[in-house]
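This structure is a prediction, so every number in the text was calculated from the model and none was measured. Indexing begins at 1, ligand by ligand and atom by atom, following the structure's order.
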Amino acid sequence: MNRARIIAATVLFALLGAFVPIATVAYFTWARATEAEQDRLQLTAERTLLRAHRAYEAGLVALRRLNQSALEPCSADHLQLMRSLVLGTHSAEQVGYFEDGRLRCTSWGMMDKQVPTPTPDHTTADGAGITLGVRPVAGDGTALLSVYLGRYDLLVDPARFVNVITDPNVRLAVASPDGRLMAQQDILDQQLLQRLLRDPHSGMDSHTLYATAQDQEWLAVATAPRTDLMASFRRQFRQFIPLGVLGALAAVALVVWLSRRRLSMKAELATAVRKREFFMHYQPIIELDTGICVGAEALVRWSRPDGSQVRPDLFIPLAEEHGLIEALTDQVIELVIADMRALLVQDRSVHIAINLSAGDVSSGRALKVLSARLAGTGIHPQQIWLEATERGFIDVQRARNTLALARRAGHCVAIDDFGVGYSSLQYLQQLPLDALKIDKSFIDAIGTDSATSPVTSHIIDMAKTLGLFTVAEGIETPAQLAYLQARQVEFGQGWLFSRPLPPEAFVAFHHQRLQQYGKAREDMQNPNAVVED
Ligand code: G
Ligand code: G
Ligand code: MN
């Protein structure tokens, strides 16, 4: 990536980084405000329901007492009792006494008009009949609600049910559970009200928040305009936005810091290549059936001038991006030769594996450098193995050329990190390869019941079918080793044997293994050898 693109990406990520925390705050504030408003409305609906219920219960108590009274119907005492019960019962307007299917007297006095017993619109669980829209003779014309029990009815003004003290914009309605409206404060949206009476639920539409509450006798509806919600949202948003701004600033700072680090890392890497700040570690490769150390994989390390180390999986891709990889590979080749020349010349059975980057594989340039550097060192080309990852095979034709050239020069060629890329069997068959390095993830899966586990076995079979020998990477446990030995995997490397080591430590490790296991190898190579002299 060049500088301009890094800067463009920085701006983009910074904008995104600023947007996300603010959007998050907005989202949570909105959710909080909605929930709070919804809860408040729900509470109002429940209070309204409770009020209706209490008025009804109080009415029932009065009606039961009247039905139990032994007073002479419509006598002065009886009228007096009816009057006092009306006065003592909240929301009761009038009580009437029925006989022979007609109203005989009320709490107002004797009745001379023909008023029949009301036909109930519905009957409650208590056996009381409820009739809506009753207009009593002695009244001001308002439609009242009649609760009829035994021989009495009690008239209630349902408008009182909705006289609950609420926020100014909240509107209430009370209905029967089957959806017959009894009272409403001019609820703005009649269509919504009708919908809620048919199907009571709580929620929100594009203009209104609504909540309902119901019991066996009553259904209460409360609504509030969404503008209330918006106001509460804005209030809370103002309260929480500093948090979002802080998050946004932090995100932007992080993005800027990362991209500056990336820009400076690029410059630093260029300097490192120029100043040769690299050195090599060597991770032993073990012959699994003898335990002998047959060589090592060379792994590059970058030690910055401040003493800190950068991991190769960070700086190798960076070097590839910025065209520094060729120079880096050259240095790796030189370092390997300088570090290992003595050992390689002294022991011809040892090899060192060098990692090639994708660019090295497609250009083939590293091969020329390698043969030039090896000339005159006494190191045999057979002692240098080359590892190429599948990323290097994107241009198969060029990869095939490079690998064929490498083999012709005498090197052994391995496919690295096998199994994590996309190579198909057919495509592998076309490439001139000697070895296959099984990626650590497949070794990790050995003995587990993960989905990867059965694949390991197939990879080993596949290598055998293709006539390749195998190197298992990242062996960490004796159980993994035992499995690989049983499956006749030839070579392995991993922490079970050794971590990557500095050159001298690797040479020492090699000698130590030879002393410890060398006898086994000799015995295997000459099983019938007679010890002479
Ligand atoms: O052991 P380590 O963490 O260094 O390995 C990390 C990765 O870096 C491995 O995938 C390895 O293939 C890669 N790597 C290590 N050394 C070299 C090198 O010299 N050249 C290239 N191209 N890749 C390397
Ligand atoms: O080139 P390649 O991708 O194969 O590099 C090998 C990587 O695996 C290096 O980073 C090396 O340090 C690491 N490695 C080697 N052996 C082990 C091991 O046994 N366990 C773990 N976790 N990492 C290992
Ligand atoms: Mn490797």
Side-chain angles (χ1 to χ4, degrees), residues 269 272-273 276-286 288 293 295-303 309-340 351-363 365-367 369-370 373 384-393 402 412-421 433-446 470-481 484 491-503 505-506 509:
L269 187 63
V273 171
R276 302 180 159 264
E277 288 172 2
F278 303 96
F279 63 96
M280 305 304 295
H281 274 176
Y282 297 88
Q283 185 172 37
I285 297 175
I286 305 295
L288 296 185
C293 166
E297 175 177 4
L299 295 160
V300 69
R301 299 287 179 258
W302 175 15
S303 162
Q309 295 216 354
V310 188
R311 292 176 24 205
D313 28 354
L314 269 175
F315 70 80
I316 298 271
L318 204 64
E320 284 178 343
E321 266 177 41
H322 298 303
L324 295 165
I325 193 69
E326 292 192 343
L328 186 59
T329 304
D330 292 358
Q331 283 184 34
V332 167
I333 291 169
E334 286 162 24
L335 285 165
V336 167
I337 292 172
D339 289 342
M340 291 296 140
H351 78 266
I352 299 294
I354 293 178
N355 287 288
L356 294 182
S357 74
D360 295 327
V361 174
S362 69
S363 76
R365 202 195 65 99
L367 276 185
V369 176
L370 184 59
R373 294 284 191 276
I384 302 294
W385 293 11
L386 298 173
E387 297 186 6
T389 60
E390 292 171 50
R391 279 183 303 124
F393 304 154
T402 304
C412 177
V413 177
I415 175 166
D416 202 1
D417 301 332
F418 182 78
V420 294
L433 293 167
D434 300 285
L436 185 155
K437 293 194 82 170
I438 308 171
D439 187 69
K440 179 177 185 315
S441 51
F442 297 103
I443 307 304
D444 288 342
I446 292 172
T470 40
V471 184
E473 288 187 307
I475 305 174
E476 290 181 347
T477 69
Q480 291 166 350
L481 173 61
L484 295 165
F491 302 106
Q493 62 187 90
W495 294 354
L496 178 64
F497 308 113
S498 171
R499 303 217 168 205
L501 301 169
F506 166 66
F509 179 89

In terms of the angle between their ring planes, are Trp302 and Phe315 parallel, tilted or perpendicular, with boundaries placed at 30° and 60°?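 It falls in the perpendicular class, over 60°.
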[X]: numbered ligand 2 atoms lying under 4.0 Å from its heavy atoms:
X	value
Glu473	2 (P), 4 (O)
Gln283	15 (C), 16 (N)
Asp417	2 (P), 3 (O), 4 (O)
Gly494	16 (N), 19 (O)
Gly474	16 (N), 17 (C), 18 (C), 19 (O)

Quick one: look up the protein heavy atom nearest atom 21 (C) of ligand 2 and list residue, atom name and how far away it is.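 Protein heavy atom with the smallest distance to atom 21 (C) of ligand 2: Lys440 CE, 2.9 Å.
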Protein heavy atom at shortest distance from atom 20 (N) of ligand 1: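 Result: Asn355 O, 3.4 Å.
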Where does Ile316 meet ligand 1, judged by heavy-atom distances below 4.0 Å: at the side chain, the backbone, both, or neither?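 Near ligand 1, Ile316 shows its side chain, while the N, CA, C and O stay back.
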Side chains of Phe491 and Ile286: closer than 4.5 Å at any heavy-atom pair?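 No, their side chains stay 4.5 Å or more apart.
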May I ask which of Leu299, Asp416, Ile333 has a heavy atom nearer to atom 15 (C) of ligand 1 than the others do?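 Looking at heavy atoms only, Leu299 sits closest to atom 15 (C) of ligand 1.
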Run down the list Gln309, Glu297, Arg301 and name the one with the heavy atom closest to atom 4 (O) of ligand 1.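 The nearest heavy atom belongs to Arg301.
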Pair [X]-[Y], side-chain donor/acceptor within less than 3.5 Å:
X	Y	result
Gln283	Gln493	yes
Trp495	Glu476	no
Ser357	Asp360	yes

From the N, O or S atoms in Glu387, identify the one nearest to the Mn ion (ligand 3).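 In Glu387, the heteroatom (N, O or S) nearest the Mn ion (ligand 3) is OE1.
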Can you list the atoms of ligand 1 that are under 4.0 Å from a heavy atom of Val332?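 Contacts of ligand 1 toward Val332, numbered from 1: 19 (O).
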Is Pro312 in polar range of ligand 1, meaning some N or O pair under 3.5 Å apart?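 In this structure, Pro312 places no N or O atom under 3.5 Å from an N or O of ligand 1.
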For ligand 2, is any non-hydrogen atom under 4.0 Å from Gln493's backbone (N, CA, C, O), its side chain (CB onward), both, or neither?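 Under 4.0 Å from ligand 2, Gln493 contributes no heavy atoms.
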As a test of the contact definition, would atom 9 (C) of ligand 1 count as having a protein heavy-atom neighbour under 4.0 Å?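 Protein heavy atoms within 4.0 Å of atom 9 (C) of ligand 1 - there are none.
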For Lys440, is there an ion pair with Glu473 - N to carboxylate O distance below 4.0 angstrom?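 Looking at Glu473 and Lys440, the cut-off is not met.
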